[in-house]
Amino acid sequence: MTKNYNTAGEQNPFLTGYETPFGAIPYDRITLAHYIPAAKEGIRREEEAIDAICNSKEPATFANTIAAFDRAGLMLGDVIGAFNAVANACSNDEILAIEEEIQQLYTVHRNNITLNEKLFDKIKEVYNGDKSGLDTAQLRLLEQTYDSFVRNGANLQGADRDTYRQLTERLTILGIKFQENSIKDTDGYTLHTSDGADIAGLPADVIEAARNTAKENGKEGWLFTLHRPSYLPFITFCRNRELRRQMYMAYSTIGAKGNEFDNREIVKETVNCRLGLARLLGYNTYSDYVLAERMAQNTDAVFSMLGKLTWSFLPVARKDMEEIKVCARNDQGDDFDFQPWDFAYYSEKLKESKYNLTDEMIRPYFELNQAIYGAFYLATRLYGITFKQNHEIPLFNPDAKVWEVYDYDGTFLALLYCDFYARKGKHAGAWMDSIKPQYKDEDGTDHRPHITLSTNYRKPMPGKPTLLNHDEFNTLMHEFGHCLHGILSNVTYPSQCSPNVLWDFVEMPSQIMENFATEEEYLKHFAFHHETGNNIPADTLQKIQQARTFNAGYQCIRQVGLGLIDQAWHNISQPFEGDVLEYEHQVTAALRVMQPIEGTGITPQFGHIMSGGYAAGYYSYKWAEMLDADAFARFKEEGIMNMKTAQSFRDNILAKGDSEHPMELYLRFRGHKPQIEPLLERDGIKTICPHL
């Protein structure tokens, strides 16, 4: 009999049935007190299902062992997915404490599963048995289930098992603490001014937002924060160089200020624990361990790609930087001492002078609601799917909205939750996540996914619009691409649903959407001036297209540098005891186009690799760029709105999830292995490494 957990005299909504449209999470009835009891019950139910697998007297088969195990944790997954949406949207000390407890419970639980000898024996029985009746997806699930157990310690014995538990549980705590420190160090800094001269150069909407932030904090004047909607325009447009320096230093020392939120010791312990884990499992480095199940397969392939990109892009990056410095000297004099806090400011000035293009010329044509319509319009044109906003489904945050998504034949496909605005406590950046996965029951019943799309756009004043620059629109398109991957998933087994694919393939379906963001054939359908209704002018669009290659060299080398930092941390073969920032600067010295400032660095705030799942895998952004540029070349060849091409992309990439190896899926769509030339051509690179 299912145990009911009662909180404040009420039954836990996770355990009583939702009775909401499409089984949506009843956020209006769930309190923070419900999550830990529900997670514990989810763990109990999964343990019960695993016990049934282990104690079955029947011979182990794919159906009664592999498929049954794959579906065993669905309730726990729903609880964690529902909680993550809340925690990511607006965290606080209470939520952080709940997150830490749930993650610790989950880590212990997963260790209990992968170190369960009876369960692994059952899996091995199927793995070593007759596979002739299994289809491609079943074979892949069997192989990945077996490999996952091996990679998570199933073959360890004795004291090694205890060490594995200790390392994984410690890494969970370290990841949570790293993220908590990053959020609190970001939230803890503000720049306040009441002098109008200090805000000269800033766009009007940025000034208005800063005034409102000041009022909310009981201050006169203007208040700026390190959150991207405030920080990026400040560092880009503020004429006051000293204030740019202050903001830059505050931002570039997140997690490294020597205060209670300093992440440097956490970084060292994290990479050393990962090294210990890799060694325990038979790998020389953590990168070797991670890449064994990536498309790249090994560090040689990663460093080869990064090296080729460096060869082609570094000369261009240095030329980009010299142009920006010349622009600065023309403005300030030949003896001007160019510093990193000058880069964004003079880069913007150079772009304006080269292309006569500013963000303020672009923003009126990308009002947020119209941009959302534009994303939905593209999905309709390509895949025939439609979106209907639902005003009744409970939300995880008051600012969020939710849409029902339907296929061309009226079949329900998904719920899409969107949370666009920055706020205190919200995780930085932009992301797609899944509250519920897509999968099918044995009888064919298709459980459709519930997807979230989150960004950190500036929330407007009442009655005012949110206007996006082109980079922000690109971000929307990128995350919407991830969402389409999830929405259009059509697999049988939960662990194979989109976007649960190999890590260096997961960015391709998102990055391909960014290619549409400069195509006139697409933009003409929605990029209207929010006041006049006029189409975006042809000359403005042409400037956007021309500016696409602006700073392409610098941007590529920056990404290569991040990839190298990631690989450097995870290719150590001895425990690291040095200086975190000094090591980072040594790693990127050969790529340097600006001298780093002492005390600044990426690593102490590099959440992607320290707490976000990209450890030893950050190269995948550039890897996926190669894939998306090559894949979009087919759309360009056959027509960017060609529904036949889009259907092929849906059938072979988006719908398949991880039911087949991604290279097989890519070959089926593209007809050949990915080529790097379309990426170089898109970025305006003419000098190609002869070994590419």
Side-chain angles (χ1 to χ4, degrees), residues 232 235-236 302-331 336 338-357 359 469-471 474 478 507 511 514-515 517-518 542-567 584-585 587-596 602 618-630 632-633 636 674-692:
L232 286 180
I235 203 74
T236 303
V302 173
F303 283 119
S304 174
M305 182 199 70
L306 295 177
K308 291 170 183 176
L309 291 172
T310 300
W311 198 98
S312 294
F313 282 84
L314 186 56
V316 181
R318 287 174 172 155
K319 182 175 178 293
D320 289 345
M321 183 56 65
E322 187 54 37
E323 278 192 282
I324 294 168
K325 288 181 177 179
V326 168
C327 177
R329 288 195 295 268
N330 288 340
D331 184 57
F336 182 68
F338 189 89
Q339 295 293 335
W341 47 85
D342 300 313
F343 174 78
Y345 182 78
Y346 283 106
S347 176
E348 181 68 18
K349 280 189 170 296
L350 179 61
K351 186 173 76 171
E352 290 178 18
S353 65
K354 287 185 76 168
Y355 305 105
N356 190 25
L357 181 68
D359 281 352
N469 64 26
H470 200 259
D471 284 344
N474 263 337
H478 178 104
E507 295 297 337
Q511 289 178 184
E514 296 181 42
N515 290 275
T518 56
Q542 184 178 30
K543 291 171 184 176
I544 292 173
Q545 293 168 338
Q546 291 170 343
R548 183 170 188 171
T549 61
F550 179 71
N551 270 353
Y554 171 82
Q555 295 298 337
C556 177
I557 291 302
R558 181 180 181 278
Q559 285 294 101
V560 169
L562 293 173
L564 285 176
I565 290 169
D566 174 32
Q567 289 301 315
E584 175 188 311
H585 293 163
V587 167
T588 57
L591 301 177
R592 194 168 293 157
V593 293
M594 270 190 295
Q595 191 68 22
I602 297 295
Y618 197 83
Y619 75 91
S620 61
Y621 281 100
K622 296 310 294 184
W623 185 278
E625 274 191 52
M626 174 179 66
L627 296 176
D628 89 70
D630 186 57
F632 192 69
K636 294 284 283 186
Q675 300 171 350
I676 202 169
E677 285 79 9
L679 171 60
L680 299 176
E681 180 181 349
R682 186 176 71 188
D683 285 348
I685 303 300
K686 297 183 176 133
T687 305
I688 300 176
C689 174
H691 304 297
L692 287 173

TODO: Please name all residues satisfying salt bridge (Lys or Arg N to Asp or Glu O under 4.0 Å) with E322, sequence neighbours left out, ordered by chain then number.
DONE: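 Result, salt bridge (Lys or Arg N to Asp or Glu O under 4.0 Å) vs E322: R329.
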Task: Residues which pass salt bridge (Lys or Arg N to Asp or Glu O under 4.0 Å) with D630, listed by chain and number, not counting sequence neighbours - done: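 Per chain and number, D630 pairs via salt bridge (Lys or Arg N to Asp or Glu O under 4.0 Å) with R670.
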Identify the heavy atoms of [X] and [Y] that sit nearest to each other, and give their distance.
X    : Y    : value
N474 : A517 : OD1-CB, 3.3 Å
C327 : K349 : SG-CB, 4.0 Å
D342 : F336 : OD2-CZ, 3.5 Å
F338 : M321 : CE2-SD, 4.1 Å
L232 : T236 : O-OG1, 2.6 Å
P678 : A629 : CB-O, 3.6 Å

Test side-chain contact (heavy atoms from CB on, under 4.5 Å) applied to [X] - qualifying residues, sequence neighbours left out:
X    : value
K319 : E323
F303 : T299, L564, Q567, N571
L357 : Y355, M361, I362, T540, K543, I544, A547
D628 : M508, Q511, I512, N515, E625, R682

Side chain to side chain donor-acceptor pair (under 3.5 Å) against [X], all qualifying residues, sequence neighbours excluded:
X    : result
T518 : R548
Q339 : D337
N469 : D359
D331 : Y346

Atom pair [atom1]/[atom2] of [X] and [Y] - distance to nearest 0.5 Å:
X    : Y    : atom1 : atom2 : value
F313 : L306 : CZ    : CG    : 12.0 Å
E681 : Q675 : CD    : CD    : 11.5 Å
D566 : Y619 : CG    : OH    : 9.5 Å
I676 : M626 : CD1   : CE    : 6.0 Å
Q545 : H470 : CD    : NE2   : 9.0 Å
R318 : M594 : CZ    : CE    : 13.0 Å

Open item on the list: Which residues pass the ring-ring contact (aromatic ring centres under 6.0 Å, His included) test with H585, not counting sequence neighbours?
Closed with: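 H585 satisfies ring-ring contact (aromatic ring centres under 6.0 Å, His included) with no other residue.
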- [ ] Starting from the C-alpha separation in whole Å, work towards a yes-or-no answer on side chain to side chain contact (heavy atoms under 4.5 Å, CB included) for L350 and V326.
- [x] CA-CA 9 Å; L350 179 61; V326 168; over 6 Å; no
Open item on the list: Measuring only between side-chain heavy atoms, which start at C-beta, is E348 closer than 4.5 Å to K351?
Closed with: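 With C-beta onward as the side chain, the pair touches.
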- [ ] Name the orientation class of the two ring planes belonging to Y621 and Y618 (parallel below 30°, tilted from 30 to 60°, perpendicular beyond 60°).
- [x]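 Rings of Y621 and Y618: tilted, as their planes differ by 30° to 60°.
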Show every donor-acceptor pair shorter than 3.5 Å between a side-chain atom in residues 549-561 and any protein atom, with sequence neighbours excluded, or say none if there are none.
| residue | atom | partner | partner atom | Å |
| --- | --- | --- | --- | --- |
| T549 | OG1 | Q546 | O | 3.4 |
| N551 | ND2 | S347 | OG | 2.9 |

